[in-house]
Amino acid sequence: MELKDFLDHLNNGNAVTGGGAVHLFMHRVSQEALKITSEINGSYHEPEELRRLFSKLIGKEVDESFALFPPFYTDCGKNITIGKNVFINMGCKFQDQGGIFIGDGTLIGHNVVLATLNHAMSPEERSTMIPAPIHIGENVWIGANATILSGVTIGDGAIIAAGAVVTKDVPKNTIVAGVPARVMREIDEEENV
């Protein structure tokens with residue numbers, strides 16, 4: 001199996017059967033991600049070097065406006081797409097097998113978890129994983145310790161409050177909070193400048 005075949009399988013929403021060929025390939029991809037994240041997290045790097053390492057991790061160049069404050073964790077890395085002027089703060093964990101797409105101008109706070117895999121409900125099939133992407137729009141602000149679950153789309157300009165657990169799509173220009181997260185209010189035009 002090649003990386004492209006692996007990503008096509010995941011991006012088509014196909015399940016990953018525990019112990020199957022795709023699952024075994026996923027573990028090989030994880031080893032590379034663990035190696036690169038160890039390098040990212042192991043010592044100080046200038047911003048240019050962090051961008052180089054992060055680009056290597058995700059397999060595509062990030063824009064020179066991208067900024068990361070380590071540590072950063074992922075067990076895949078190859079299914080992350082980052083826009084311009086994106087900032088990722090310390091301690092974030094991206095489980096990106098299902099695909100993570102982050103729009104321009106997005107700010108991601110400390111210890112945010114983006115989880116794109118779910119497990120089968122049946123105990124007999126619990127090792128089967130079901131991928132679904134997370135799409136984050138432009139100019140989104142995700143507060144510290146928030147968790148975004150698989151299959152969620154966050155609209156442009158939205159704010160995810162610290163500690164929120166987002167299980168459903170978030171409309172653009174709204175503030176969501178709570179567990180599970182719910183819309184608290186819309187962001188009015190005066191705030192949205």
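Side chains are part of it too, since the values below use all heavy atoms of this structure and drop only hydrogens, waters and symmetry mates.
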> Would you find a donor on one side and an acceptor on the other, under 3.5 Å apart, between the side chain of His45 and the backbone of Glu39?
Replying inline: yes
>> Tell me whether His119 contacts the main-chain N or O of Met129 through its side chain, where contact means a donor paired with an acceptor under 3.5 Å.
In response: no
>> Could you go through Glu186 and Asn173, starting from their C-alpha distance and side-chain angles, then the distance that decides it, and tell me whether this counts as side-chain contact (heavy atoms from CB on, under 4.5 Å)?
In response: CA-CA 6 Å; Glu186 291 185 15; Asn173 297 319; over 6 Å; no
>> Quick check for you: to the nearest 0.5 Å, what is the distance between Glu61 atom CD and Lys56 atom NZ?
In response: 12.5 Å
> Is there a path of hydrophobic side-chain contacts, each under 4.5 Å between heavy atoms of I, L, V, M, F, W or Y residues, that connects Ile58 with Leu10?
Replying inline: no
> Does a salt bridge link Glu49 with Arg52, judged by any charged N lying under 4.0 Å from a carboxylate O?
Replying inline: yes
> Would a 4.5 Å heavy-atom cut-off, applied to side chains only, mark Ile148 and Ile160 as touching?
Replying inline: yes
>> I need the Lys35 NZ to Gln31 CD distance, nearest 0.5 Å.
In response: 10.5 Å
>> Could you see if Val170 belongs to whatever hydrophobic cluster contains Val165? Use Ile, Leu, Val, Met, Phe, Trp, Tyr and a side-chain cutoff under 4.5 Å.
In response: no
> Do you know which two heavy atoms are closest between Ala177 and Ala164, and how far apart they sit?
Replying inline: CA-CB, 4.2 Å
>> Show me the pairs that pass salt bridge (charged side-chain N to carboxylate O under 4.0 Å, His left out) and involve residues 1-17, at least two apart or across chains.
In response: Lys4-Asp8
> About how many Å separate OH of Tyr73 and CG of Leu34, when rounded to the nearest 0.5 Å?
Replying inline: 11.5 Å
>> For the backbone of Asn14 and the side chain of Asn12, can you confirm whether one donor and one acceptor N or O come within less than 3.5 Å of each other?
In response: no
>> So does Val176 get a backbone contact from the side chain of Arg182, meaning a donor-acceptor N/O pair under 3.5 Å?
In response: no
Let me have the donor-acceptor pairs involving side chains of residues 95-117, under 3.5 Å, with sequence neighbours excluded, atom names and distances please.
residue : atom : partner : partner atom : Å
Gln95   : OE1  : Thr116  : N            : 3.3
Gln95   : OE1  : Leu117  : N            : 3.1
Asp96   : OD1  : Thr74   : OG1          : 2.6
Asp96   : OD1  : Gly77   : N            : 2.7
Asp96   : OD2  : Gly77   : N            : 3.0
Asp96   : OD2  : Lys78   : N            : 3.4
Asp96   : OD2  : Asn79   : N            : 2.9
Gln97   : NE2  : Asp75   : OD1          : 3.2
Asp104  : OD1  : Lys84   : N            : 2.7
Thr106  : OG1  : Gly103  : O            : 3.1
Thr106  : OG1  : Gly137  : O            : 2.9
His110  : NE2  : Asn89   : OD1          : 3.3
Thr116  : OG1  : Gln95   : O            : 2.6
Thr116  : OG1  : Gln97   : N            : 3.3
Thr116  : OG1  : Gly98   : N            : 2.7

> Would Phe6 and Cys76 satisfy side-chain contact (heavy atoms from CB on, under 4.5 Å), going step by step from the backbone distance to the final call?
Replying inline: CA-CA 11 Å; Phe6 171 67; Cys76 181; 4.2 Å; yes
> With sequence neighbours excluded, what pairs up with Phe94 under the ring-ring contact (aromatic ring centres under 6.0 Å, His included) test?
Replying inline: Phe72
> How many angstroms lie between OG1 in Thr128 and CG in Asn118, if you round to the nearest 0.5 Å?
Replying inline: 12.0 Å
> Same cluster for Val29 and Phe54 if Ile/Leu/Val/Met/Phe/Trp/Tyr side chains link at under 4.5 Å?
Replying inline: no
> For Lys172, which residues count as a salt bridge (Lys or Arg N to Asp or Glu O under 4.0 Å) partner, sequence neighbours excluded?
Replying inline: none
> Would Phe69 and Phe87 count as a side-chain contact (heavy atoms from CB on, under 4.5 Å) if you check the C-alpha gap in whole Å, the side-chain angles of each, and the deciding distance to 0.1 Å?
Replying inline: CA-CA 8 Å; Phe69 284 3; Phe87 173 67; 3.7 Å; yes
> If you round to the nearest 0.5 Å, how far is CZ of Phe25 from CE of Met1?
Replying inline: 7.0 Å
> Taking a hydrophobic cluster as the set of Ile, Leu, Val, Met, Phe, Trp and Tyr residues connected by side-chain heavy atoms closer than 4.5 Å, whether directly or through intermediates, do Ile88 and Met90 fall within one such cluster?
Replying inline: no
> Rest of the hydrophobic cluster containing Leu24 (Ile/Leu/Val/Met/Phe/Trp/Tyr, side-chain heavy atoms under 4.5 Å)?
Replying inline: none
Only pairs under 3.5 Å count here: list side-chain donor-acceptor contacts from residues 149-159, not counting sequence neighbours, and write none if there are none.
residue : atom : partner : partner atom : Å
Asp156  : OD1  : Glu138  : N            : 2.8

>> If you apply the rule side-chain contact (heavy atoms from CB on, under 4.5 Å), what do you find for Ile175 with Ile187, and how did you get there?
In response: CA-CA 7 Å; Ile175 299 171; Ile187 298 170; 3.8 Å; yes
> Between the side chain of Lys93 and the main-chain N/O of Gly91, is any donor-acceptor distance below 3.5 Å?
Replying inline: yes
>> In the structure I gave you, are the side-chain heavy atoms of Asp63 and Ile82 within less than 4.5 Å of one another anywhere?
In response: no
> Which value, rounded to the nearest 0.5 Å, describes the distance between Ile36 atom CD1 and Asn41 atom CG?
Replying inline: 11.5 Å
>> Any heavy-atom pair between the side chains of Lys60 and Ser55 that's under 4.5 Å?
In response: no
> Same hydrophobic cluster for Ile136 and Leu57, using side-chain heavy-atom links shorter than 4.5 Å among ILVMFWY?
Replying inline: yes
